[in-house]
Amino acid sequence: MSEILVLVDHVDGSVRKTTAELLTLARRLGEPSAVFFGSQIDAARDALKHYGAERVYVLDSADLSDYLVAPKAEALAQLVEAQQPAAVLIPSNAEGKEIAGRLSIKTGSGLITDAVDVQPRDGGVTTTQSVFAGDYTVTASVTKGTPIVTVKPNAVTPEPAEGSAAERTVDVDVSDAAKTARIVERRPREATGRPELNEAAIVVAGGRGTSGDFATVEAFADALGAAVGASRAAVDAGWYPHAYQVGQTGKTVSPQLYVAAGISGAIQHRAGMQTSRTIVAINKDAESPIFELVDFGVVGDLHSVLKSATEQALARKR
Amino acid sequence: MKIVVCVKYVPDATADRKFNADNTVDRVGVQGMLSELDEYAVEEALKIRDGDESGDAQVVVLTMGPADARAAILKSLQMGADSGVHIVDDAIHGSDSVGSSLLLAKAVERQGADIVLCGMASTDGSMSVIPAMLAERLGVPQVTFASEVTVDGNTVRVRRDGDAATEVIEASTPLVLSVTDQSNEPRYPSFKGIMAAKKKPVEEITLADLGVAAGDVGLEAAWTKVEAYAERPPRSAGAIVTDEDGTGANQLVEFLAAQKFV
């Protein structure tokens with residue numbers, strides 16, 4: 001069977017859910033091989049095996065971690081040249097997309113970003129993307145080289161399947177030309193204890209209507225085991241960090257349930273959440289465009305509604 | 001110092017965006033504009049120019065696209081950029097990111113640039129790959145998704161807020177820099193700026209000027225193919241209740257319970 005390379009997304013060896021999703025997709029297309037950058041493979045091995053990696057390529061070098069993007073793209077291109085895989089799947093985050101862009105040019109291969117589905121076809125792949133703020137769905141294929149596809153979180157439900165995870169350490173040979181944008185400082189983001197925003201099954205987001213008080217939003221999120229998001233208005237006002245922004249210039253989320261509290265629903269926000277399965281909104285303005293999207297809406301004060309809903313949700317858990 | 005800002009003319013996101021019969025984005029029949037996210041790139045370029053001590057720094061705005069795309073250059077000139085370059089040629093219609101990055105790289109090489117500046121993404125395709133592809137093609141450092149930029153002589157230092165960490169990245173010019181919407185607050189064109197823009201030079205160039213063959217770009221040369229598009233079915237209207245005396249919360253929790261979320 002043909003080999004499919006999957007670039008592993010991990011934090012210090014802790015494999016992200018998106019990697020399990022990519023391995024699950026890769027099994028539709030061929031035999032998944034995980035590509036692991038970094039030194040913490042010991043922490044990642046079981047997860048990769050558990051989701052069906054037949055091979056694991058380990059690339060560990062300070063050159064990969066000390067400089068931005070270019071060395072990783074170069075190392076991945078060398079692996080693609082050596083292995084001639086049938087496709088390369090990469091997580092659709094900022095770094096993943098940039099690696100994919102450079103890999104596309106280096107290997108003379110077509111690139112599709114932000115796929116929400118990948119299917120095999122005629123020895124190649126066909127992808128589905130959600131475009132124009134989720135207003136349209138597009139199917140596309142790669143017509144030249146090795147298909148390179150970046151895949152959004154929640155594209156598929158991860159399905160476990162034991163792989164043999166045969167491990168091979170790959171020598172890393174990075175050119176001086178790729179070592180020019182040096183990472184001089186790295187500050188890990190503080191853990192919140194909540195699920196990752198773009199991986200969460202439930203997202204509770206607050207906007208201008210919170211007036212800067214996110215306590216009720218966070219309490220409701222915690223009652224549901226949800227991630228917390230924020231609209232651009234709330235982020236621009238300095239009420240919540242940019243890392244939690246949902247929308248065109250923040251994260252695009254597609255959870256099972258999206259709760260918009262005090263968010264009007266401008267196009268910039270809709271672009272980031274419109275494909276959520278179930279949408280709920282609480283807003284004091286009955287004319288807010290967000291209500292055009294909702295499965296259930298409450299016109300009212302978000303703080304009092306969420307406070308009471310939090311108590312009831314917790315009571316039902318007991 | 002010369003700063004070349006790559007900007008894109010995109011369909012207005014608040015309009016009803018459409019596709020052409022050949023599955024490309026309709027850039028003519030829908031009201032277009034300078035991509036909102038490119039305004040941050042223009043603003044950053046102006047800040048760098050105005051902070052440059054040599055006094056001879058200049059900002060050149062580069063775009064590609066149909067005749068109407070000139071509007072994206074004009075807006076940038078109104079904000080304060082010095083001149084524009086417009087790649088306009090029927091053969092570029094339907095270019096994918098690979099073809100677009102080739103044309104932009106050739107145009108940058110023709111101009112010569114110390115800093116190539118881009119926005120974090122376009123508001124239509126939203127791929128976010130052009131800056132990385134430009135750096136790859138030009139063989140220069142890539143410092144991208146910058147939320148804060150400091151230029152000191154030929155050293156550029158940026159803050160990049162990633163998913164897992166915030167990184168500080170440093171590189172020397174010439175380089176490709178992309179900025180996020182957190183990097184600055186784009187200025188509105190002043191009346192003076194609008195008047196001055198009318199006199200600023202805009203050069204129109206074709207594939208021949210760039211030494212690119214028509215067969216190397218455009219829809220037929222693309223390495224990807226959009227096979228079909230479909231409008232997403234409108235969401236069916238849900239129930240909307242008005243909260244009276246706490247009943248809103250009860251109904252909300254009932255709804256969530258019925259869906260097994262609580």
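For clarity, every value in this text was computed on a predicted model and none was experimentally measured. We name chains A, B, ... by the order of the sequence lines, and we start the count at 1 in each one.
Considering every non-hydrogen atom in both A:Ser104 and B:Trp223, the closest pair reads O-CZ3, 3.6 Å. Looking at every heavy atom in both residues, B:Ala165 comes nearest to A:Pro188 through CB-CA, 3.7 Å. What you find for B:Asn250 and A:Gln312 is that their closest heavy atoms are OD1-NE2, 2.6 Å.
A heavy-atom distance below 4.5 Å is not found between the side chains of A:Leu103 and B:Glu136.
With chain B as the partner, the residue from A:Leu306, A:Val305, A:Asp236, A:Ile105 showing the most heavy-atom pairs under 4.5 Å is A:Ile105. Among the candidates B:Thr180, B:Asp161, B:Thr123, B:Asp96, the residue making the largest number of heavy-atom pairs closer than 4.5 Å to chain A is B:Thr123. Per-residue counts of heavy-atom pairs under 4.5 Å with chain A were compared for B:Arg160, B:Arg137, B:Met120; the largest is that of B:Arg160. Each of B:Pro11, B:Ala135, B:Pro131, B:Gly246 has some count of heavy-atom pairs under 4.5 Å with chain A, and the biggest count is that of B:Ala135. Residue with the most contacts toward chain A among B:Ser97, B:Ser101, B:Gly248, B:Ala230: B:Ala230 (heavy-atom pairs, distance under 4.5 Å). In terms of non-hydrogen atom pairs under 4.5 Å with chain A, the most contact-rich of B:Val262, B:Asp243, B:Val158, B:Val241 is B:Val241. Among B:Asp181, B:Val226, B:Asp124, the residue with the largest count of heavy-atom pairs under 4.5 Å with chain A is B:Asp181.
Here the CZ-OG1 distance, from B:Phe261 to A:Thr278, works out to 4.5 Å after rounding to the nearest 0.5 Å. Atom NZ of residue B:Lys260 and atom CG of residue A:Leu257 lie 14.5 Å apart, to the nearest 0.5 angstrom.
Heavy atoms of A:Tyr244 lying under 4.5 Å from chain B are absent altogether. Only the side chain of B:Leu256 comes within contact range of chain A, with heavy atoms under 4.5 Å apart. For A:Val131, the part lying near chain B is the side chain, with the backbone staying farther off; criterion is any non-hydrogen pair under 4.5 Å. Neither the backbone nor the side chain of A:Gln129 comes within contact range of chain B; no heavy atom of the residue lies under 4.5 Å from a heavy atom of that chain. With a 4.5 Å cut-off on non-hydrogen atoms, A:Leu111 touches chain B through its backbone and its side chain both.
By a heavy-atom distance cut of under 4.5 Å, A:Leu68, A:Val69 are the residues of residues 65-73 of chain A near chain B, going up by number.
With hydrogens and angles disregarded, no donor-acceptor distance shorter than 3.5 Å links the side chain of B:Arg235 to the backbone of A:Thr275. The backbone N or O of A:Val142 lies less than 3.5 Å from no partner atom in the side chain of B:Lys225, so there is not a single donor-acceptor pair. Formation of a donor-acceptor pair under 3.5 Å by the A:Arg102 side chain with backbone atoms of B:Met133 is not found in this model.
Using the six-membered ring where Trp is involved, B:Phe19 and A:Tyr136 have ring planes that are perpendicular, over 60° apart on the 30 and 60° scheme.
In this structure, the side chain to side chain donor-acceptor pair (under 3.5 Å) partners of A:Lys179, at least two apart in sequence or on a different chain, are A:Asp63.
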